[in-house]
Amino acid sequence: MKKTVGLLSVIIMLGMTGYSLFYSAPSETSAKKTTATTYSFEKKSTKKNAVQKALPTASAENWNLVLVGPKNKIEKEVDESQLATLSDNSHQVDKRIASDYEAFSEAATKAGFPLVIVSAFRSVESQKEVFDTNVNGIISGNGVSEADAIAKTKETITEPGFSEHHTGLAVDIVDQDWYNSYSTQVLDASYGDQPGAKWIAENAPKYGFIIRYPKDRQDITGITYEPWHIRYVGKENAEYITKNDLTLEEFLKQLSAK
Ligand SMILES: [Zn+2]
């Protein structure tokens, strides 16, 4: 049990500390600075072309658009009866998304990128166990106060109640090749450069999933780039969000402003 908790704790820790040092967008060359006006015009028109579809008719109140994160505590815990176990016989998700996930997984296998699930649904209680174990470890190891130990723990482990994994709509996946060959951490931002991760990013929306924590959007999502964390929002919403290069937070804002 201790081992399991330890592993889970590492996974959660990784989820919160993924580095976004890789792949910063290529900066404009100095040669282009002389044509700054042209460049900004081009950029604008490219952006306009990207907006291909009208805003979906979804409501921000839909079950598949629930917002849980560092600033949004889960309001109501998912009932056990609302969960389904996936075909790996190990991980659980909200049963309403199970068939879409399985279809996505089958497509990935066909494309040569069989998926490995690292984490899916996590209860608030299991998150609390991981969190408290870490707090107690810090207190006994360093003799610091409980408040300091909690603050320190929050830096690396999601506070119980604030993880999107509580919703049953989030899954952490990598492809088998990466799983067999990663050098340091299975959940690492550098995974984003792998062919499997690129396939995931491109194809997940067709099955209703988005890359929930894109690169360089930490200011909006509160979480650094996580190429492995996909979130179900429904097919139409996922395609719209992806084509328009949005985060879930920005999409919800658009819906509310309708
Ligand atoms: Zn995750």
Side-chain angles (χ1 to χ4, degrees), residues 4-20 22 64-74 77-78 83-86 88 90-94 97-98 100-101 104-105 108 115-131 134 153-175 178-179 182 184-192 194 196-197 200-201 204-205 207-218 220-233 238 241-242 247-249:
T4 315
V5 168
L7 179 64
L8 189 57
S9 141
V10 167
I11 289 164
I12 294 161
M13 227 166 78
L14 296 175
M16 291 300 291
T17 57
Y19 295 110
S20 51
F22 308 85
N64 59 16
L65 294 177
V66 64
L67 188 63
V68 175
K71 287 178 191 157
N72 297 279
K73 193 174 187 177
I74 192 163
E77 270 226 70
V78 176
L83 298 170
T85 302
L86 293 172
D88 71 347
S90 160
H91 294 91
Q92 291 183 305
V93 293
D94 185 307
I97 78 164
D100 279 337
Y101 177 80
F104 174 55
S105 181
L115 302 176
V116 178
I117 302 174
V118 179
S119 182
F121 169 76
R122 295 200 297 257
S123 69
V124 175
E125 187 54 39
S126 68
Q127 190 87 9
K128 192 175 172 343
E129 267 178 42
V130 174
F131 192 89
N134 200 75
T153 299
K154 277 186 192 172
E155 287 173 15
T156 51
I157 299 177
T158 308
E159 204 180 347
F162 295 85
S163 168
E164 194 174 63
H165 286 276
H166 296 327
T167 64
L169 304 175
V171 189
D172 291 338
I173 44 164
V174 295
D175 66 278
W178 172 259
Y179 192 77
Y182 69 89
T184 46
Q185 298 167 340
V186 63
L187 300 184
D188 191 279
S190 65
Y191 176 56
Q194 296 295 311
I200 290 169
Y207 300 87
F209 294 89
I210 56 168
I211 298 296
R212 177 68 177 88
Y213 307 116
K215 208 179 293 174
D216 301 327
R217 300 295 177 85
Q218 191 184 349
I220 298 168
T221 64
I223 293 180
T224 53
Y225 179 43
E226 293 192 357
W228 60 84
H229 180 115
I230 59 168
R231 156 69 197 264
Y232 191 83
V233 292
I241 288 170
T242 307
T247 57
L248 177 58
E249 284 83 356

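Just so it is clear, the values below take in all heavy atoms, side chains as well, and ignore hydrogens, waters and symmetry mates. Atoms within a ligand are numbered from 1 in the order they appear, just like the ligands themselves.
A donor-acceptor pair under 3.5 Å is absent between the side-chain atoms of W228 and the main chain of D188, judged by distance alone. When atom types are taken as modelled, the side chain of H166 and the backbone of R122 share a donor-acceptor pair closer than 3.5 angstrom.
Restricting D172 to its N/O/S atoms, the shortest distance to the Zn ion (ligand 1) is reached by OD1.
Between I97 and F104 there is no side-chain heavy-atom pair separated by less than 4.5 Å. For the pair Y213/T224, no side-chain contact is recorded, criterion being any heavy-atom separation below 4.5 Å from C-beta on.
Taking 2.8 Å as the threshold, E164 does not count as a candidate ligand of the Zn ion (ligand 1), since none of its N, O or S atoms lies below it.
To the nearest 10 degrees, the Zn ion (ligand 1) sees NE2 of H165 and ND1 of H229 at an angle of 110°.
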